[in-house]
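Structure first, then comments.
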Amino acid sequence: MAAMKVRSRRRDVVSWSNFFWCTVFIVTSFFTFSAVRLFFADKYHPVLGSTRQNSILEVMKDVTPVSLAVSIRETVMLPDQVLIYLKYPPSARLFTKEDFRCVYSSTNSSWPNLIKQPPIQIDGEDFENQIVRCSIPPRGFILSLDLNPHGIIPIIHIQWWDALAYEALIDRDNSTVVFVKGLNLRPERMSNASKFECVYGWDFSNTKFLLRSELLSIGQEIGRCKTPLSVLNGPQRGDNSVKVSIRIKGKGIYRTIARPIRLLDRNPPARKQHQMCICTMLRNQAKFMKEWVMYHAEIGVQRWFIYDNNSEDEIEMVIKSLSDSNYNITRHVWPWIKTQEAGFAHCALRAREVCDWVGFIDVDEFFHLPSGLTLYDVVGNFSADSKIAELRVSCYSFGPSGLKHVPAEGVMVGYTCRMVASERHKSIVKPEALNSSLINVVHHFHLRSGFGYVNVDRGTLIINHYKYQVWEVFKEKFYRRVATYVVDWQDTHNVGSKDRAPGLGTRAVEPEDWSRRFCEVNDSGLRERVLESFVNPQTQLLPWQEEKGEELIRIVVDKKRRKRRHGILS
């Protein structure tokens, strides 16, 4: 009997010990999970941990990986997000953002945590180019995809953005134009092509099976390769298409996800479809698109090429709305950060097929014709001289003009106070006359020999650059800027750069006098033209205001219908 009591006490001691350590485990796991949730809620990104530490399937042993629905072709780690390129089998349907979750799994085997988040965005509307964008994993976590209801898609290999061949086009002369991040060549100058060579192949981990080719030219972040016949005659889409990269002789090959494809017509028509087009690169500028497109359509722009640099707003819906309203506008997904010049080169090749002239401006920049002419008139007048291939247009920088909030009438009517001196110019170019290197800086290109430029008279054509708007708009520029040459305003180096707001500093804190800054001269010329030419006499609204009004009415009507459906309204 005494022995039985002793054994009973021992069982009680073991039980309480187990309970204590179980409690410690649960509490620790709870706080770890909470901290990680806070991490994602604040979108704070610490130093990256390696995603190669453990296989996702080792961390989540009870999860069956997806096998047939979709797999991963490439994965690229940007500084603030991960790009996951999907590969679809022939019989699959195209999945949407609602089908996926980004899965973050702790590599700590003691208490593995599992967090699922909706993707930041899904880009691409076809099987060849769909990209899932996820937040980067915190230290000690690895990333995978969850495709509902199929299961986990593991990410086996990640490419790093610091040195990567990321895009490639086969030009009409059959050369391959390759875009490479990390070349670090001298700006605005050609480099010695003999120090490099092009390489083509399927598996870059085994250099024995790579096909080498001559590099014809290289400058900035762009190389032009002599394309092998086997590549020209082979498939340029799908899993059997080859990749291309650039090798520094005596050193190594840049990692690559670039598959050369032919987007350009080998035999373009003698007469272009459009006289005047615009290329732009933007991020989260959807709220300004309608004013920018509708205004420029009225003064002569016929075609818009929108390069979307990882927007998270409603840019797709806005562009579709404009397209449905018969504006010839398309969106091209361009996820590569700090590559505006490369994106403009890519756009110039595409626009060359259909446009006589192409303007390279931002969404906060508006062509203004003080003389009352249209862009048709201006480019038409200069087209008579076949040697002129670039029109350089001066820019005036406008300030907040005393405003505290975004002007309801739009930027052209709202902002009327600017700085006296003009800034660097922006260009309208003939894409047929561009140098084959495609080198461009600050929105102007190098031209082929025999072609030149003119500085357009400011009384004929200028650009109103609404650069310093109300603080709630301007502060968004602190997050990330798209241009390679533009200084990061949070960087303490080169504080005196012209790319910074004078006297602003390096922190996104609104100065007390912000609304009164950059106001040296009143300039209401474009405002007056807009109010005179664009206001609807019945509604007294501008076209982009009417669009917003119609959208607001639709939202209110939809809400009322839903309430009636649920018996809330009588």
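Every heavy atom of this structure was used, including side-chain atoms; hydrogens, water molecules and symmetry mates were not. Computed from a predicted structure; not experimentally measured.
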*Are any side-chain N or O atoms of W292 and backbone N or O atoms of D362, one a donor and one an acceptor, separated by less than 3.5 Å?*
yes
*Can R172 and E432 be said to form a salt bridge (Lys or Arg N to Asp or Glu O under 4.0 Å), step by step?*
CA-CA 12 Å; R172 63 167 69 140; E432 288 285 0; 3.2 Å; yes
*With a 4.5 Å heavy-atom cut-off, do L322 and M294 have their side chains touching?*
yes
*Is the shortest side-chain N to carboxylate O distance from R255 to D162 below 4.0 Å?*
yes
*Does R350 pair with E167 as a salt bridge, N-O distance under 4.0 Å?*
no
*Does any non-hydrogen side-chain atom of W161 lie less than 4.5 Å from one of L83?*
no
*Check: F445 ring centre within less than 6.0 Å of F360 ring centre*: yes
_Nearest 0.5 angstrom please: L78 CG to K338 NZ, how far?_
13.5 Å
*Would you indicate whether the side-chain heavy atoms of L86 and L145 approach each other to under 4.5 Å?*
yes
*Are there more than 12 heavy atoms of other residues, nucleotides or ligands under 6.0 Å from atom NZ of K251?*
no
*asked:* Any carboxylate oxygen within less than 4.0 angstrom of a Lys/Arg side-chain nitrogen, looking at D123 and R133?
replied: yes
_Nearest heavy-atom neighbours spanning Y200 and P260_ = CE2-CG, 4.3 Å
*Could you walk me through whether E74 and K243 pass the salt bridge (Lys or Arg N to Asp or Glu O under 4.0 Å) test, one step at a time?*
CA-CA 12 Å; E74 307 281 2; K243 298 179 185 178; 2.5 Å; yes
*asked:* On a heavy-atom basis, which atom in G250 and which in R247 lie closest, and how many Å separate them?
replied: N-NH2, 3.5 Å
*Q220 side chain vs A342 backbone, donor-acceptor pair below 3.5 Å*: no
*Is it true that atom NZ of K97 has more than 12 heavy atoms of other residues, nucleotides or ligands lying nearer than 6.0 Å?*
yes
*Taking the side chain as every heavy atom from C-beta outward, state whether D364 and H465 have any atom pair closer than 4.5 Å.*
yes
*Give the C-alpha distance, both sets of side-chain angles, the deciding distance and a yes or no for side-chain contact (heavy atoms from CB on, under 4.5 Å) between L143 and C134.*
CA-CA 9 Å; L143 174 65; C134 295; 4.2 Å; yes
*Classify the ring geometry between H332 and H346 as parallel (under 30°), tilted (30 to 60°) or perpendicular (over 60°).*
tilted
*Assign the ring pair H150 / F95 to parallel, tilted or perpendicular, where the plane angle (0 to 90°) is split at 30° and 60°.*
perpendicular
*Could you tell me whether the side chain of R392 and the main chain of H425 form a donor-acceptor pair under 3.5 Å?*
no
*Calculate, to the nearest 0.5 Å, the distance between atoms OG and CD belonging to S241 and E128 respectively.*
7.0 Å
*Can you check whether F367's main-chain N or O pairs, donor with acceptor, with Y295's side chain at less than 3.5 Å?*
yes
*Measuring from S397:OG to I463:CD1, what's the distance to the nearest 0.5 Å?*
10.5 Å
*Between atom NZ of K426 and atom NE2 of H444, what is the distance when rounded to the nearest 0.5 Å?*
12.0 Å
*Using a strict 4.0 Å threshold on nitrogen-to-oxygen distance, state whether R303 and E353 make a salt bridge.*
no
*Looking just at side-chain N and O atoms, do S321 and D324 make a donor-acceptor pair shorter than 3.5 Å?*
no
*What is the minimum heavy-atom distance between P119 and C102, and which atoms define it?*
CA-SG, 3.7 Å
_Check the orientation of Y307 and W334. Use parallel for under 30°, tilted for 30 to 60°, and perpendicular for over 60°._
tilted
*Any side-chain donor paired with an acceptor under 3.5 Å for Y166 and T339?*
no
*asked:* To check you understand the geometry: which heavy-atom pair defines the closest contact between I388 and V454, and what is its length?
replied: CD1-CG1, 3.7 Å
_Can a donor-acceptor pair be found, under 3.5 Å and without considering hydrogens, that links the side chain of T227 to the backbone of N174?_
yes
*Side chain K387, main chain G452, donor-acceptor under 3.5 Å*: no
*Is R448 atom CZ crowded by more than 12 heavy atoms from other residues, nucleotides or ligands, each under 6.0 Å away?*
yes
*Hey, is the main chain of M276 close enough, under 3.5 Å, to the side chain of Q302 for a donor-acceptor pair?*
yes
*Given side-chain contact (heavy atoms from CB on, under 4.5 Å), test L211 with S213 step by step and report yes or no.*
CA-CA 7 Å; L211 181 63; S213 177; 5.9 Å; no
*Would you call I306 and T280 a side-chain contact if the rule is heavy atoms closer than 4.5 Å?*
yes
*asked:* If we ignore hydrogens and angles and just use 3.5 Å, is the side chain of S311 paired with the main-chain N or O of D313 as donor and acceptor?
replied: no
*asked:* Would the distance check show the side chain of R224 and the main-chain N or O of S436 forming a donor-acceptor pair, the cut-off being under 3.5 Å?
replied: yes
*Got a second to check how far E197's CD is from I253's CD1, nearest 0.5 Å?*
7.5 Å
*Is R283 salt-bridged to E312, cutoff N-O under 4.0 Å?*
yes
*I222 to L183 - nearest heavy-atom pair and separation*: N-CD1, 4.2 Å
_Any D356 side-chain heavy atom under 4.5 Å of V379 side chain_ = no
*Is the closest side-chain heavy-atom distance between I261 and L169 below 4.5 Å?*
yes
*Say whether N455 and Y453, considering side chains only, have a donor N or O and an acceptor N or O under 3.5 Å apart.*
no
*Search all heavy atoms of V333 against all heavy atoms of G124 and return the closest pair with its distance.*
CG2-N, 4.2 Å
*Is there a side-chain contact between L147 and D99, using heavy atoms and a 4.5 Å cut-off?*
yes
_When you measure from the side chain of D171 to the backbone of D173, do you find a donor-acceptor pair of N or O atoms at a distance under 3.5 Å?_
no
_Just verifying a value: how many Å separate F305 CZ and N328 CG, rounded to the nearest 0.5 Å?_
7.5 Å
_Pair K272, V354 - check side-chain contact (heavy atoms from CB on, under 4.5 Å), show working._
CA-CA 5 Å; K272 303 295 176 66; V354 294; 5.7 Å; no
_V244 vs V231, test: side-chain contact (heavy atoms from CB on, under 4.5 Å). Steps then yes/no._
CA-CA 10 Å; V244 62; V231 175; over 6 Å; no
